[in-house]
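Chain identifiers are assigned alphabetically (A, B, ...) following the order of the sequence lines, protein sequences preceding nucleic acid strands; residue numbering begins at 1 within each chain. Side chains are part of it too, since the values below use all heavy atoms of this structure and drop only hydrogens, waters and symmetry mates.
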Amino acid sequence: MSEPIIRVSALNKTYEGGFQALKQIDLDIQRGEIFALLGPNGAGKTTLISVICGLVNATDGQVVVDGFDNQVDYREARSRIGLVPQELTNEAFETVWNTVNFSRGLFGKPPDPGHIERVLKSLTLWDKRNNRLITLSGGMKRRVLIAKALSHEPRILFLDEPTAGVDVGLRREMWDVVRQLRESGVTIILTTHYIEEAEEMADRIGVINNGEIVLVEDKAALMRKLGSKQLALHLHEPLDSVPPALAAYDLQLAANGSELIYTYDASRAGGAEGQESSTISALLADVEAAGLVFKDLHTRQSSLEDIFVDLVKER
Amino acid sequence: MNLYPVRAIYMAELSRTRRTLLQSIVSPVISTSLYFVVFGAAIGSRISEIDGISYGAFIVPGLIMLMLLTQSVSNASFGIFFPKFSGSVYELLSAPISYLEIVIGYVGAAATKSVVLGLIILATAGFFVPLEIAHPLWMMAFLVLTAITFSLLGFIIGIWADGFDKLQLVPLLVITPLTFLGGSFYSIDMLPPFWQGVTLFNPVLYLISGFRWSFYGVSDVSLAASVAMILLFLGVCLALISWIFRTGYRLKP
């Protein structure tokens with residue numbers, strides 16, 4: 001594996017009031033990936049991003065961006081990063097064109113109207129280029145923030161809650177934009193409250209809680225490892241209790257006894273050995289043998305949200 | 001030094017001035033002109049000459065200095081305060097630019113506006129009173145140095161302020177009284193000896209005195225004292241700004 005594009009080592013942040021927002025964080029972000037950082041409110045997501053981008057001073061520890069220490073070689077490190085903040089912050093009376101060009105200049109790049117035009121077009125902002133920011137909708141303002149972050153052609157893009165307050169249609173458009181960026185080689189780190197967003201887009205997931213990284217895992221592996229599947233049998237007649245003949249399956253009754261639930265490990269379902277498929281076949285045979293009749297059945301796999309809630313609850 | 005970010009900040013600040021031309025240029029010019037009309041043309045004609053200079057002409061350097069100090073502080077403080085207030089300061093802090101480049105961008109723009117304004121007011125004064133400038137180079141040097149120094153002070157105030165009220169606090173409660181009491185409208189020779197001594201502790205006296213000397217060759221204190229005071233102010237402001245950026249005071253938690 002190549003060198004990570006961001007390496008965070010033994011990072012701590014304690015605010016003046018004594019609140020420790022980050023505790024001994026170690027984290028590698030791989031080149032070209034979409035990394036989703038999940039965590040409840042106040043977990044430390046924004047503080048971590050802020051330290052990496054230079055907005056907040058770390059108490060101790062080190063952040064290396066593409067081989068450059070973000071304190072010692074701050075010019076090199078920061079020039080590689082684009083940041084889209086959580087809040088819709090911008091100069092209300094400036095035009096879209098001016099504010100995006102300002103960002104490019106601020107990051108030390110010579111004017112390049114062609115690049116700015118491409119960025120604005122990719123974010124469907126080109127028609128609004130002469131509009132003042134105060135006249136734009138919330139979704140448009142968020143796109144402007146993305147355009148500003150992309151104006152200096154960063155290799156790494158931080159998206160802090162990029163689709164907060166954005167309607168479903170626009171959210172999906174933004175996901176497409178993010179995917180296109182990844183395809184062009186940009187590494188993307190996003191924090192989100194929409195687990196669906198992380199599930200849809202991320203290659204890897206990191207979970208932060210109480211200032212500590214709880215886990216970092218490949219999304220698919222995480223869902224295989226920590227996810228579970230349920231088989232629900234909708235019975236013709238409701239039951240008072242699970243028949244003793246089915247005790248070995250550790251079944252649960254739901255919906256006032258009219259549903260029989262079997263929970264199993266998702267990682268074993270459909271596995272090479274087919275352990276779970278044979279167990280399910282045996283269960284169905286035993287259900288029939290016990291004289292139970294079911295009118296329907298369905299399976300459900302736990303979502304990333306379920307996994308996240310379980311992980312945070314455990315700690 | 002990378003000049004692109006300096007240029008970006010500088011041009012953005014000047015662009016803000018263009019958007020608010022009435023407030024930035026027209027309003028201070030009109031209010032200073034009113035001083036010329038009232039104190040220069042109306043009341044001034046009944047006041048005897050000071051050091052051989054008509055009263056209307058005598059107050060011109062003081063009035064320009066009054067405007068220069070308040071506008072430099074206001075322009076620079078608002079320039080850095082507004083991004084803090086709106087939250088867009090994140091972009092400044094995450095950009096690959098040095099503190100020096102940030103200061104040059106903001107303070108350079110604020111000082112430019114003040115100097116231009118000062119020259120406009122000087123030209124306006126010519127409509128009301130006969131003007132002479134004995135040492136034009138010294139006049140420009142005082143104008144530029146004072147504009148830079150007080151823009152640096154404004155920058156510090158903009159970082160320190162956590163609300164619009166504090167932004168106005170220093171210009172209204174400190175700079176304006178010091179300027180009025182620093183010899184804008186009179187020579188300190190006109191004060192009783194005790195108050196002459198007290199006035200010597202007012203740093204603005206030295207700025208006005210030096211500036212007036214560049215016009216008429218007369219001053220309350222020596223030219224060397226005026227230059228030394230401006231340089232001292234400049235040094236203190238630079239030291240404070242250096243400390244602010246080193247510690248991240250009110251910028252980086």
Side-chain angles (χ1 to χ4, degrees), chain A residues 13-17 19 21 46-47 49-59 65 68 70 73-95 98-99 101-112 132-133 145 148-149 151-152 154 158 160, chain B residues 1-24 78-106 108-109 158-159 162 164 243-253:
Chain A
K13 174 62 189 175
T14 304
Y15 285 103
E16 255 184 26
F19 172 66
T46 300
T47 301
I49 287 182
S50 299
V51 171
I52 296 172
C53 294
L55 303 179
V56 169
N57 292 323
T59 305
V65 179
F68 297 100
N70 82 334
D73 301 310
Y74 70 94
R75 281 189 196 265
E76 291 293 339
R78 290 185 196 171
S79 67
R80 285 158 169 75
I81 295 176
L83 168 65
V84 181
Q86 198 171 333
E87 304 291 332
L88 291 176
T89 55
N90 45 43
E91 299 278 356
F93 302 105
E94 228 4 307
T95 64
N98 284 348
T99 197
N101 276 287
F102 168 76
S103 299
R104 184 175 172 84
L106 198 62
F107 275 72
K109 290 285 179 78
D112 185 348
R132 292 201 299 174
L133 297 176
L145 290 179
K148 282 164 79 69
S151 65
H152 64 279
F158 281 92
D160 196 1
Chain B
M1 183 184 292
N2 188 337
L3 289 180
Y4 288 117
V6 176
R7 184 176 176 275
I9 295 170
Y10 185 86
M11 296 310 288
E13 282 299 291
L14 290 189
S15 156
R16 189 161 59 77
T17 307
R18 276 195 295 276
R19 282 200 308 270
T20 56
L21 214 56
L22 268 179
Q23 182 201 341
S24 304
F78 192 79
I80 187 67
F81 175 78
F82 194 70
K84 277 175 55 193
F85 174 75
S86 71
S88 60
V89 74
Y90 82 88
E91 207 176 10
L92 198 64
L93 297 176
S94 64
I97 54 178
S98 70
Y99 302 143
L100 183 66
E101 288 158 0
I102 294 175
V103 172
I104 292 176
Y106 279 106
I159 288 174
D162 50 14
F164 281 98
W243 173 81
I244 284 171
F245 280 121
R246 223 176 34 249
T247 59
Y249 172 76
R250 300 238 165 148
L251 281 176
K252 283 188 184 187

**Request:** Taking the side chain as every heavy atom from C-beta outward, state whether B:Y90 and A:L145 have any atom pair closer than 4.5 Å.
**Result:** yes
**B:L92, part contacting chain A, at a heavy-atom distance under 4.5 Å** = both
**Asked** Tell me, do A:R75 and B:S98 make a side-chain contact under 4.5 Å, heavy atoms counted?
**Response** yes
**Item:** Test item: A:F107 and B:P96 side chains (from C-beta on) under 4.5 Å apart, heavy atoms
**Value:** yes
**Item:** Any residue meeting ring-ring contact (aromatic ring centres under 6.0 Å, His included) with A:F158, in chain and number order, not counting sequence neighbours
**Value:** none
**Pick from B:S94, B:P83, B:G87, B:S88 with the largest number of heavy-atom pairs that fall under 4.5 Å of chain A** = B:S94
**Prompt:** With the threshold set at 4.0 Å, does a side-chain nitrogen-carboxylate oxygen contact exist between A:E94 and B:R16?
**Reply:** no
**Request:** List in chain and number order the residues that pass side-chain contact (heavy atoms from CB on, under 4.5 Å) with B:L3, two or more places apart in sequence or in another chain; answer none if no residue qualifies.
**Result:** B:M1
**Distance, nearest 0.5 Å, that separates CG of A:L106 from CG of B:N2** = 10.0 Å
**Request:** Kindly write out the residues that satisfy ring-ring contact (aromatic ring centres under 6.0 Å, His included) with B:F164, not counting sequence neighbours, or none if the list is empty.
**Result:** B:F81, B:F85
**Request:** Specify which of A:G54, A:P110, A:C53 makes the most heavy-atom pairs with chain B at under 4.5 Å.
**Result:** A:P110
**Fill in**
Taking every heavy atom of A:N57 against every heavy atom of B:T247, the minimum-distance pair comes out as ND2-O, 4.2 Å
**Asked** How would you list, in number order, the residues of residues 4-11 of chain B that have a heavy atom less than 4.5 Å from chain A?
**Response** B:Y4, B:P5, B:A8, B:I9
**Item:** Which atoms of A:K109 approach chain B - backbone, side chain, both or neither, heavy atom under 4.5 Å
**Value:** backbone
